[in-house]
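Structure first, commentary second.
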Amino acid sequence: MRRGLALSITALGVVYGDIGTSPLYALRECFHGSHPLPSTPENVLGILSLVFWALTLVISVKYLLFLTRADNRGEGGILALLALLTPRQFLSTAQRRYLLPLGLFGAALLYGDGVITPAISVLSAVEGLKVAAPTLERFVVPTTVLILILLFLFQKRGTAKVGAVFGPVMATWFSAIAILGIGGIVRAPEVIYAINPLHGVLFFMENGPLAFRALGSVFLVVTGGEALYADMGHFGRQPIRRAWFAFVLPALLLNYFGQGALLLVRPSEATEPFYHLAPTWALYPLVILATLATVIASQAVISGAFSLTSQAMQLGYSPRFRLVQTSSEEIGQVYLPTVNWGLMLATLTLVFGFGTSTNLAGAYGVAVTTTMVITTILAFFLMVKRWHWKATTACTLAGLFLFIDLSFFAANLLKIGNGGWFPLVAGTAVFTLMASWRRGRNVLGKRLRGGRESLEGFIDRVATAPPYRVQGTAVFMTGRPTGTPPIIHHHLSHNQVLHEQVIILTVLTEEVPRVPAAERVSVTVMPLGFARVIVRYGFMQSPNVPVALRQCESLGLSVELEHTTYYLARETVISTPRPSGMMRWQEKLFAFMSRNSLPATAFYNIPAEQVVELGQQVEI
């Protein structure tokens, strides 16, 4: 019980940071955004009704009660959902051809969210300075830039050291916004009537196209849905559900309804309804607390981008980047410098380019709604193909979710001209890189596969014409768990020697988050000092070849790591006019990524001084 409570509090900081800071700007964008609504009582109650039912149906029902059941051994997120559908017995060839790229595109769009969330969250928090002292407005952008630079510089230290304070800070934040909301509701208790969905229906009937456009702003209250689903593996579904229903949802609703009550009494306060809820003496402390909350929300999104890239590398959708494990206790806490600096550059560009959180709100939502639609489509196939639900039940539930998602999606499409193009361009660029890498690796694998003999046949040839054997162990890395890798032929033909102990080692990434240590290594001992070792990792784990070889001792294979030499092939990809199944520009892009990919030595944690790389040019 005590552990569950601790996990729920910690989840407040990691899982609910994004959705928890939406009150800073969501209602303001409805009544003071690029397309503001008049702050009439009918409009205020209509918007609040939409907010209430969006949080209830999208977050409470779709994500917390339904999608958290669609976990891949505890892990959530669109890539985990995609992994559940990947086995060929669940999807036909035609379904795989369309659904797998669709899911990959949805994952790529999350990078756009990872760029916009830090910018709009921190900017909206710092804009509270304008309410406290209008003369400080000119310091908003510089202060935001400074905070963001410090945030990205901090990433290399990881979240392990400060993770313990995230939950308490967010608990303070949710308590504060709930108290502010109660203070607002006391001024106009009739705001509670907005729970009646008729107010939302009447709002659409009276406002028509303007009401539909307002959906793009209402959507801001649920933008953290995908993030909480993706972060499920850190805490488990029950702590996340408890935190939502017992603490987060009540606090959010109280604050939104408090802001609405304020607008019923003083419609002119629509410029910053969140900060106008607070008494004058509390403004500066509230700005500080809001800034801390948005930094934590940004930290969670940035960490999510690191985790997503790590999964993509393991699943073969991304070239290798340098990955640093920042915690010895939490395997999911990783840092990728290349991704970090790329996100920082893009985020700072957005702050300078858009200038205000209102302008950024025009770009926010397009990518997330697209990912939500894709998630619902994948969930439908999961219900029918893997869970074997009745078609009518699956269609009814998925149809309800899809109706809501498509409504938000269509409303957000209106934002494309106001900046919504940015996350789509960013997501499309990431998707192009991922798809090109995946396709290129498949083509390269086919080029290298030809003429490979069985390992048994190779050992027979060694027995017939034995080469000179030297002391020590040679580990030949290969991507295929069968056959003889070309690198061993290459080595033998040029050096005319073999080590006394020869290990053919393959590292495989399973479509599960983690593979237990007891199931990770399999060893097949063969004649003449040969052995085949297969090491399996989950897509949330970082490979470590020396540690895996140390585990072989319990399986009958003793390896002296200090006397081990690792042989790796280094392919230089050359684009040629010959047909390969890829377009020429894709070939050149793949060749460029291949040349700049992190060397396998660093990715597999192999000591660099014990590595021999044998080069090979491959034309595609």
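Predicted model, so just to flag it, every value in this text is computed and none were measured.
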Within a reach of under 6.0 Å around CD of Glu137, are more than 12 heavy atoms found that belong to other residues, nucleotides or ligands?
no
Backbone N/O of Gly20 and side chain of Trp173: donor-acceptor pair under 3.5 Å
yes
Tell me whether Tyr98 at atom OH has more than 12 heavy atoms from other residues, nucleotides or ligands lying less than 6.0 Å away.
no
Side-chain heavy-atom pair Gln259, Leu263 within 4.5 angstrom cut-off:
no
Determine whether a donor-acceptor pair (N or O, by modelled atom type, separation under 3.5 Å) exists between the side chain of Asn340 and the backbone of Phe152.
yes
Considering all heavy atoms, the nearest Phe203-Ala211 contact
CE2-CB, 3.4 Å
So, do Phe352 and Val141 sit near enough that their side-chain heavy atoms are less than 4.5 Å apart?
yes
Rounded to the nearest 0.5 Å, how far apart are CG of Leu45 and CG of Leu198?
12.0 Å
I'd like to check Ile59 versus Leu228 (side-chain heavy atoms, cut-off strictly below 4.5 Å). Are they in contact?
yes
State the CD1-OG distance between Ile296 and Ser121, to the nearest 0.5 angstrom.
12.0 Å
Kindly give the heavy-atom pair with the smallest separation between Phe174 and Ala251, and that separation in Å.
O-CB, 3.5 Å
Does anything in residues 392-403 form a salt bridge (charged side-chain N to carboxylate O under 4.0 Å, His left out)? List the pairs, not counting sequence neighbours.
none
Just checking, is any N or O donor in the side chain of Tyr63 or Glu226 under 3.5 Å from an acceptor N or O on the other one?
yes
Does the Asn412 side chain pair with the main chain of Phe408, one donor and one acceptor, at a distance under 3.5 Å?
yes
Determine whether the side chains of Thr309 and Tyr111 contain a donor N or O and an acceptor N or O closer than 3.5 Å.
yes
Do Thr349 and Val115 come close enough that some side-chain heavy atom pair is under 4.5 Å?
no
Please check: side-chain N/O of Arg241 versus main-chain N/O of Leu64, any donor-acceptor pairing under 3.5 Å?
yes
With a 4.5 Å heavy-atom cut-off, do Leu109 and Pro423 have their side chains touching?
no
With a 4.5 Å cut-off on side-chain heavy atoms, are Leu85 and Phe381 touching?
yes
Hey, does Leu151 have a side-chain heavy atom less than 4.5 Å from the side chain of Met344?
no
Pro23 to Phe274 - nearest heavy-atom pair and separation:
O-CB, 3.6 Å
Can you tell me how far CD1 of Ile147 sits from OG1 of Thr291, rounded to the nearest 0.5 angstrom?
5.0 Å
Side-chain ion pair, Arg28 and Glu269, N-O less than 4.0 Å
no
Taking Lys415 for its side chain and Gly216 for its backbone only, find out whether a donor-acceptor pair lies under 3.5 Å.
yes
Would you say that Val430 contacts Phe105 through its side chain, given a criterion of any heavy-atom pair below 4.5 Å between the two side chains?
no
In Å and rounded to the nearest 0.5 Å, what is the CG to CZ distance from Asn43 to Phe31?
6.0 Å
Could you tell me if Lys62 and Thr376 have a donor-acceptor pair between their side chains, going purely by distance under 3.5 Å?
yes
Keeping Tyr16 on the side-chain end and Thr21 on the backbone end, is there a donor-acceptor pair under 3.5 Å?
no
Could you please spell out the steps behind the side chain to side chain contact (heavy atoms under 4.5 Å, CB included) verdict for Leu148 and Leu123?
CA-CA 10 Å; Leu148 287 172; Leu123 197 54; over 6 Å; no
Taking all non-hydrogen atoms of both residues, which atom of Val145 and which atom of Leu348 are closest, and how far apart?
CG1-CD2, 4.0 Å
On a heavy-atom basis, which atom in Ile47 and which in Cys30 lie closest, and how many Å separate them?
CG2-SG, 4.0 Å
CZ of Phe257 to CG of Leu48, rounded to nearest 0.5 Å, is 5.0 Å
Which heavy-atom pair separates Pro41 from Leu264 by the least distance, and what is that distance?
CA-CD2, 3.5 Å
Backbone N or O of Phe219 within a donor-acceptor pair of the Thr223 side chain at under 3.5 Å?
no
Let me confirm one number: the OH-NZ distance from Tyr275 to Lys130, rounded to the nearest 0.5 Å.
10.5 Å
Begin with the C-alpha distance, continue with both residues' side-chain angles, and end with the deciding distance and a verdict on side chain to side chain contact (heavy atoms under 4.5 Å, CB included) for Glu42 and Leu202.
CA-CA 8 Å; Glu42 294 78 14; Leu202 291 174; over 6 Å; no
Counting N and O atoms only, with roles assigned by atom type, does the side chain of Ser124 sit under 3.5 Å from a partner on the main chain of Leu24, one being a donor and the other an acceptor?
no
Phe245 vs Leu65, test: side chain to side chain contact (heavy atoms under 4.5 Å, CB included). Steps then yes/no.
CA-CA 11 Å; Phe245 288 107; Leu65 297 182; 4.2 Å; yes
Verify side chain to side chain contact (heavy atoms under 4.5 Å, CB included) between Leu252 and Trp244, making sure each step is shown before the conclusion.
CA-CA 10 Å; Leu252 290 175; Trp244 172 257; 3.9 Å; yes
Can any side-chain N or O of Ser49 pair as donor or acceptor with the backbone N or O of Ala194 at less than 3.5 Å?
yes
Can you tell me if CZ on Phe403 sees more than 12 non-hydrogen neighbours from other groups inside 6.0 Å?
no
Donor-acceptor check, side chain of Arg386 to backbone of Leu84, threshold 3.5 angstrom: yes or no?
yes
